[in-house]
Amino acid sequence: MSNDILQRLTETLEARKQAAPESSYVAKLFSKGDDAILKKVIEEAGEVLLAAKDGDKVHLVYEVADLWFHSMVLLAQKGLSADDVLQELARREGVSGIAEKASRK
């Protein structure tokens, strides 16, 4: 189920790259470029932190969904997708976080 949603969203985001900016929110974000998209990711990350601090689980889920969505817009802008992130998570599965971080140096 989750992968189906991510796949459909990825396809929609790709289609929005070619859409007129006035036709959709995502097309407008793409037309504004990296800075506008990055600003939204930062904004949503802050809202996730505030929702977590407030302790409202429903609000936290809502804000995390916004963050994931805008992160996927950023990935699409850079020619990547949720699948690239899922592959990286699969690569890390079963690897100590300490060992994984050390391997990046």
Side-chain angles (χ1 to χ4, degrees):
M1 178 181 150
S2 298
N3 285 343
D4 292 342
I5 293 166
L6 293 175
Q7 183 58 42
R8 287 193 308 271
L9 183 52
T10 296
E11 291 167 5
T12 299
L13 293 175
E14 284 302 313
R16 295 297 189 268
K17 284 182 175 181
Q18 310 306 318
E22 59 276 358
S23 69
S24 82
Y25 169 76
V26 172
K28 189 175 197 176
L29 265 181
F30 281 135
S31 75
K32 290 181 177 182
D34 286 359
D35 286 348
I37 296 168
L38 293 169
K39 182 178 176 184
K40 283 304 296 183
V41 171
I42 290 168
E43 176 187 323
E44 298 303 340
E47 290 175 5
V48 165
L49 297 176
L50 292 173
K53 187 172 180 161
D54 289 344
D56 181 341
K57 291 181 180 182
V58 172
H59 188 217
L60 178 58
V61 168
Y62 178 88
E63 294 300 346
V64 169
D66 281 351
L67 177 58
W68 285 14
F69 175 81
H70 287 91
S71 295
M72 287 185 67
V73 172
L74 176 60
L75 289 168
Q77 175 78 353
K78 298 299 183 179
L80 298 165
S81 72
D83 193 51
D84 294 298
V85 177
L86 293 172
Q87 288 176 23
E88 176 59 16
L89 289 172
R91 183 192 69 78
R92 294 181 187 187
E93 187 175 18
V95 176
S96 158
I98 295 169
E100 195 284 324
K101 189 169 183 176
S103 74
R104 292 188 239 166
K105 293 181 182 181

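For this chain, numbers begin at 1 and follow the sequence in order.
- Summarising the geometry, atom CD belonging to Glu93 is positioned 9.0 Å from atom CG belonging to Leu89; distances are rounded to the nearest 0.5 Å.
- Considering CG of Leu38 and NE2 of His70, their distance stands at 12.0 Å, rounded to 0.5 Å.
- Between the CG atom of Leu80 and the OG1 atom of Thr10 there is a distance of 10.5 Å, given to the nearest 0.5 Å.
- Atom CG of Leu74 sits about 10.5 Å away from atom CG of Leu67, to the nearest 0.5 Å.
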Glu44 and Lys40: CA distance, side-chain angles, deciding distance, salt bridge (Lys or Arg N to Asp or Glu O under 4.0 Å) verdict: CA-CA 6 Å; Glu44 298 303 340; Lys40 283 304 296 183; 3.4 Å; yes
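- Nearest heavy-atom pair across Ile37 and Phe30 is CD1-CD2, 4.0 Å.
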CA sep, side-chain torsions, deciding dist, call: Leu75, Asp84, side chain to side chain contact (heavy atoms under 4.5 Å, CB included): CA-CA 9 Å; Leu75 289 168; Asp84 294 298; 5.9 Å; no
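- A donor-acceptor pair under 3.5 Å is absent between the side-chain atoms of Ser23 and the main chain of Ala19, judged by distance alone.
- Here the closest non-hydrogen pair linking Arg16 and Ser24 is CD-OG, 3.1 Å.
- Hydrophobic clustering (side-chain heavy atoms under 4.5 Å, transitive across Ile, Leu, Val, Met, Phe, Trp, Tyr) groups Leu9 together with Leu86.
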Leu6 vs Met72, side chain to side chain contact (heavy atoms under 4.5 Å, CB included): CA-CA, chis, key distance, verdict: CA-CA 9 Å; Leu6 293 175; Met72 287 185 67; 3.7 Å; yes
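- Rounding to the nearest 0.5 Å gives a distance of 9.0 Å between CD of Glu43 and CD of Glu63.
- In this structure, CG in Asp54 is found 11.5 Å from CD in Glu47, a value given to the nearest 0.5 Å.
- A heavy-atom distance below 4.5 Å is found between the side chains of Val48 and Leu60.
- Screening residues 26-37 for side-chain hydrogen bond (donor to acceptor under 3.5 Å, both in side chains) gives Asp34-Gln77, Asp34-Lys78 as the qualifying pairs, with residues at least two apart or on separate chains.
- Here the closest non-hydrogen pair linking Ala76 and Lys17 is O-NZ, 2.6 Å.
- Arg8 and Glu11 are not joined by a salt bridge, as no carboxylate oxygen comes within less than 4.0 angstrom of a charged side-chain nitrogen.
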Working for side chain to side chain contact (heavy atoms under 4.5 Å, CB included), residues Leu13 and Phe69: CA-CA 10 Å; Leu13 293 175; Phe69 175 81; 4.3 Å; yes
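- In the hydrophobic clustering of this structure, Val58 does not group with Trp68; members are Ile, Leu, Val, Met, Phe, Trp, Tyr whose side-chain heavy atoms approach within less than 4.5 Å, directly or through other members.
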